[in-house]
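Below: the structure, in structure tokens.
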Amino acid sequence: MKSEPKVRASLPEGLTPERLLEMYYYMVLTRTCDDRGFALNRQGKIPFAATCQGHEAIQVGAAFALRRGVDWLVPYYRDTCMALSFGVTPREQLMCLFARKGDIFSSGRQFPNHYSVPDRQIASISSIIAAHVTHAVGIALAAKMRKQNAVVLTSFGEGSTSEGEWHEALNFAGIHKVPIVFLCQNNEYAISVHQSLQMGVKNVADRAAGYGFPGVICDGTDPVQSYETVHDAVERARSGGGPTLVEAKCYRAMSHTSDDNQLTYRTQDEIESVKTRDPIPRFENWLKERGMIDDDTIAQLKSKALREVNDATDWAEAQEPPSEADLNTHVYHSGPLS
Amino acid sequence: MKSEPKVRASLPEGLTPERLLEMYYYMVLTRTCDDRGFALNRQGKIPFAATCQGHEAIQVGAAFALRRGVDWLVPYYRDTCMALSFGVTPREQLMCLFARKGDIFSSGRQFPNHYSVPDRQIASISSIIAAHVTHAVGIALAAKMRKQNAVVLTSFGEGSTSEGEWHEALNFAGIHKVPIVFLCQNNEYAISVHQSLQMGVKNVADRAAGYGFPGVICDGTDPVQSYETVHDAVERARSGGGPTLVEAKCYRAMSHTSDDNQLTYRTQDEIESVKTRDPIPRFENWLKERGMIDDDTIAQLKSKALREVNDATDWAEAQEPPSEADLNTHVYHSGPLS
Amino acid sequence: MATKNLLEAVRETLHDAMASDERVFIMGEDVGARGNVFLITAGFQEEFGRERIIDTPLAEASIIGVAIGAAMAGLRPIAEIQFADFIYPAFNQIVGEAAKTRYRSAGGNTCPLVIRTPYGGGVRGALSHSVSIEALFYHVPGLKVLAPSTPADAKGLLTSAIADEDPVLFLEHKRTYRLIKGEVPEGRHTVPIGKADIARAGKDLSVITYGLMRHFAVEAAEKVAAEGIDAEVVDLRSIRPMDRETIIKSATKTRRVLIVHEDNKFGGVGAEISAAIAEEALFELDAPIKRLCGPDVPAMGYAKEYEEAFMPSPERIADAMRELARF
Amino acid sequence: MATKNLLEAVRETLHDAMASDERVFIMGEDVGARGNVFLITAGFQEEFGRERIIDTPLAEASIIGVAIGAAMAGLRPIAEIQFADFIYPAFNQIVGEAAKTRYRSAGGNTCPLVIRTPYGGGVRGALSHSVSIEALFYHVPGLKVLAPSTPADAKGLLTSAIADEDPVLFLEHKRTYRLIKGEVPEGRHTVPIGKADIARAGKDLSVITYGLMRHFAVEAAEKVAAEGIDAEVVDLRSIRPMDRETIIKSATKTRRVLIVHEDNKFGGVGAEISAAIAEEALFELDAPIKRLCGPDVPAMGYAKEYEEAFMPSPERIADAMRELARF
Ligand SMILES: Cc1ncc(C[n+]2csc(CCOP(=O)(O)OP(=O)(O)O)c2C)c(N)n1
Ligand SMILES: Cc1ncc(C[n+]2csc(CCOP(=O)(O)OP(=O)(O)O)c2C)c(N)n1
Ligand SMILES: [Mg+2]
Ligand SMILES: [Mg+2]
């Protein structure tokens, strides 16, 4: 939304007004989930919450650029909005926050947002930064070997691009031209470490030059531009054009997680100023200016999201926790002791 | 020597005719050592030999661009010519080939060419590809912290740039602008794997774009151009300008090591054709054309090198091997069991 | 002597080392502006500057690799791995490089490097902020592996580690950071590396342990003392080198051995402890050597039920003591 | 049955797996045009194509990471690490990722992956082409670690590993490649994972071992047999899962146990073997549990004197047997 054109001549390929409203709804739903996580944490009901505030636009844009049931998502722990927009339900999301036995991601084993959702092709990740990026390349390699039509999208923060494994993943993908999109959500911080201490370059996208495929930048607070950029990359991959590195410039509105306190390393001024970039009101305005939404619809969608999240919270909280015996399942196919 | 200018208006900074003859001598000395290693291996006197044939020009050029006693060398296993040109003696080199107890590099513990030579600031490396590159950055960081005038040069093959640790090293160096030169000796092969299966780019130098410092290319079979390129990078580093990635295009004339047989993956034609690029006769011609050398001097230098290597061989072979008890030394400062 | 918790003891030790030796510097993720995720180095950057308190990129292999280079060049780096779970990407640098630097160069290059990292569970850290890693490293010649459990030992061993000429992996159990308090000697205080501590003397059975479990074992010992079981608790403190002498002495004295650690049982540190006893004191024993350890599953999970099922507790240790005493 | 060496058995097994299951593919450094540095896969690329025999970049973490992704997507990758010494950079992917994929996703994603790598000394490989790595991995729940010592077992276990639903680290002792020959069953042949093999039955003492040392132990046993010492040799074959039952049975039968491995002693696999016996059969023994292992130095060196000083030999094993029998 950098240049805020008052009227768009036409909507980008694949985006109808209905789809745009859906995108808006997922952003609102995510925000509601996100706030709920922090509220539950403050109430002492869950020990940990992560946030994606400031990242909703790129995440919903990316998810909408993929084909459900065909493409794979190998996300990272901040991808709540991407996951919800790719088919994860609020109940599933809340089950994971409450670490219930029935949590489909990990049966209460992992921190929130580590997935897996096999029936929707969302991969499981660990908390070890960037370790999932080579997996995404392997999934894409498998798709290519089997001549499937699938594209893999994997995402990570700008800090993650410092890890050696990230480099190895991009290098491999560049050689074998596997159908993959590498999505960097650059929020300028890795916990407390600013980008200037993370890398000697301004743009992560510049790193693509070392791998032989394009690196592109988009405004990650603009869902439409984000969609277009990722969509181009996805379709390039699908048609055999190989990988793209997409860098979405966004920001982190809150502390790293509920365990962090950003006031220890960020000025109050800076914290206030990023708030003005909130993608949700900006998208509201954009939709309004095009007559696609009005205040009534906004209010309706917000209360629908709240109902969904309330329902999910109550339901998830009531589910049973794992038992001590559950500790021993899924160590090996054949049981705990192989 | 790409454009073979018949006369150079002036010699590059720091290169006198005497220094050029020295450079030539080190190339010849290295070739003699190199051939000796393979001959000893064929005779069953040493189990393993590595070669740097095709790399002599960049290696001597790089070593001459450094200041002995000030700068650090963190080489790789193919850097025989660089080491000899930076002060390692033929006797030291042969002691390591024979794995003698008195081998100053490792007391017969490591494969040839793994150094260390602490009194000449040549670091010890392991055989684990690219693991030394972060060490070089650490040495450069120490030099910067202590406000020493030292520059660190570290070298590696193009295959090594695939390792994640290589990326991490360059990334760190780019952020902290440490005084370092990263020298890639690109011979297009990593054992049998051709560059086209190693990376999606034609030039390793392009990777520098991802780290915020320059990447430059030189003809690694031309010692003068190699010297100039590395010298510029070294002096940039010394004056606080930060790292440079230098890519020297060279070739590997022989099999990877005495354990390899390149005929399994390279055509006879290709093997023959690279031989025409031998840096030694080309440098001879270059010197001749400038009247700096004649056939007599060449013959003299070659027989001097042979005498040195013969002496070193006989001497080293006669030295005592390690004893079984030596296995237990240098595990910890305080002895074997800590 | 002032009473401090373990975190404060680590903090004070790092501070003193920074202040007294300018070769010492600290590098790691979020150690600067944030002052480490547990606030151990809070304020250090203001005091010692950004050159000596380095916020590194998010790349563990280079944290260790760069530190190795600096150590080879004569500095005394203290490298931090934010959580022990994230040490795996640096495994090559620690095991392949740091541990072998002296040996492979026949003393030509050395690597006086301290790697600090918080490990262990009990803080709802889920699969990836809870692991124990000692068994992955204690097998490696050239490394030293320390795991202090009291504030005084944390100070004394960390001081020794920084002074050591070889690479030391320094494990701080994150549950002990604020839970465990104790008197800490003022001024420079060292504890020799490789000496176990008798946390509690006893005559009926020996518990050999380390880390958080030392405290659980002492707690359990007090419980069973009321029932007439007098347990000795040996806290290894140093896992490599391991104090065989103290282990064997205690085993020979009490004739019953219970090994306790939080890490998975199979192939854990307890295996070596047991094997050492079986080698040297087999006929001095009145009972089989028992191990009470974390179960052989990848790690404790996020749900509190998993954590409770995984961690040895004072109750479980007391039960194991009773069983052993009855044998 | 044809007589083959161990290398040929591995080669044949890989070939059969490639030919019979199109989900199987091989990736690693120099496995393609070169056909692997030991020529194990020579000719495979011509037969199966460049898509299924992939010469990877020089980057071990991605060899394993990409293979994990392919396995998650339903393929059956066989990833090669050129020498075991170079597995360290992939440690995170093996221990942090592959081993935990099933567990952390509660079965949602799985990782049927075989990692083959040549290990061990005796071939003048110096510090970095000689190491044993089993003790760095066998502690890790979620992984399986196999170390066959005969051509038939190499075929049978590799076939089982490829069929396994979980990640398997498959260790091939490089000295056995051409040294060890034996009959290999034709056609599909599996050996169950987790079952030890009695390489030689005996009644006076048990040697528990694996890999190259199995052969040295059998040789030693034949030597001492002439002196009236009847040694049993148990070849673990599978290090994790470990066949406790067979170990305990043998120990109980002979009442004297010698553990032999080439890997460093402290914290090696022998520790767990000993601890298992000390736990279950302590009172069945007539002698302390002895370990004859590689010394606790980083690795064997290049000079042949280092190699000889490091490796347990048939002579040293025979000496240890004599000592144990006399106890
Ligand atoms: C290997 C590893 N090292 C360190 C951490 C601790 N850690 C968790 S998130 C994080 C910062 C990640 O920053 P970035 O990649 O920019 O993503 P963001 O959180 O900003 O979205 C760090 C250092 C980790 N999880 N894994
Ligand atoms: C981590 C690691 N992986 C694999 C190897 C085996 N290996 C030794 S040299 C080499 C090729 C290196 O190629 P390159 O970096 O291009 O250097 P060159 O030998 O061509 O000079 C390989 C794969 C190793 N030594 N270390
Ligand atoms: Mg970030
Ligand atoms: Mg090369």
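By convention in this document, chain letters (A, B, ...) are assigned in the order of the sequence lines, proteins followed by strands, and residues within each chain are numbered from 1.
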Which label fits His129(D) and Phe83(D): parallel for a plane angle under 30°, tilted from 30 to 60°, or perpendicular past 60°? perpendicular
For each of Lys100(D), Gln93(D), Glu279(D), tally heavy-atom pairs with chain C at distances under 4.5 Å, and name the one with the top tally. Glu279(D)
Output the option from Asp286(C), Ile87(C), Val140(C) having the highest count of non-hydrogen pairs under 4.5 Å with chain D. Asp286(C)
Max heavy-atom pair count under 4.5 Å with chain C, selected residue of Gly267(D), Gly270(D), Pro295(D), Ala299(D): Gly267(D)
Proximity breakdown for Ala99(D) and chain C, heavy-atom pairs closer than 4.5 Å: backbone
Non-hydrogen atoms of chain C under 4.5 Å away: do they reach the side chain of Val269(D), the backbone, both or neither? neither
Note: vs chain D, highest number of non-hydrogen pairs under 4.5 angstrom among Phe86(C), Tyr88(C), Phe137(C) is Tyr88(C)
Option in Glu280(C), His139(C), Arg104(C) with maximal non-hydrogen atom pairs under 4.5 Å from chain D: His139(C)
Just by modelled atom types, is the Ile63(C) backbone N or O under 3.5 Å from a matching donor or acceptor in the Thr56(C) side chain? no
One thing to verify: whether Arg322(D) and Asp319(D) come together as a salt bridge, which I'm taking to mean a side-chain N less than 4.0 angstrom from a carboxylate O. yes
Sub-3.5 Å donor-acceptor pair from the side chain of Arg255(D) to the main-chain atoms of Glu284(D), do we have one? yes
The interface call for Phe283(D) against chain C, heavy-atom contacts under 4.5 Å, is side chain
Using the six-membered ring wherever Trp is involved, compare the ring planes of His173(C) and Tyr119(C) and label them parallel, tilted or perpendicular (cut-offs 30° and 60°). perpendicular
Heavy-atom proximity to chain C below 4.5 Å, by part of Arg102(D): neither
Can you tell me if Glu232(D) and Thr254(D) form a side-chain donor-acceptor pair at under 3.5 Å? no
Option in Ile277(D), Ile289(D), Ile273(D) with maximal non-hydrogen atom pairs under 4.5 Å from chain C: Ile289(D)
I need the minimum non-hydrogen distance between Lys265(D) and Glu272(C), along with the two atoms involved. O-OE1, 3.8 Å
Keeping Ser62(C) on the side-chain end and Ala59(C) on the backbone end, is there a donor-acceptor pair under 3.5 Å? yes
Greatest number of heavy atom pairs closer than 4.5 Å to chain C - which of Ile259(D), Ile94(D), Leu143(D), Asp263(D): Asp263(D)
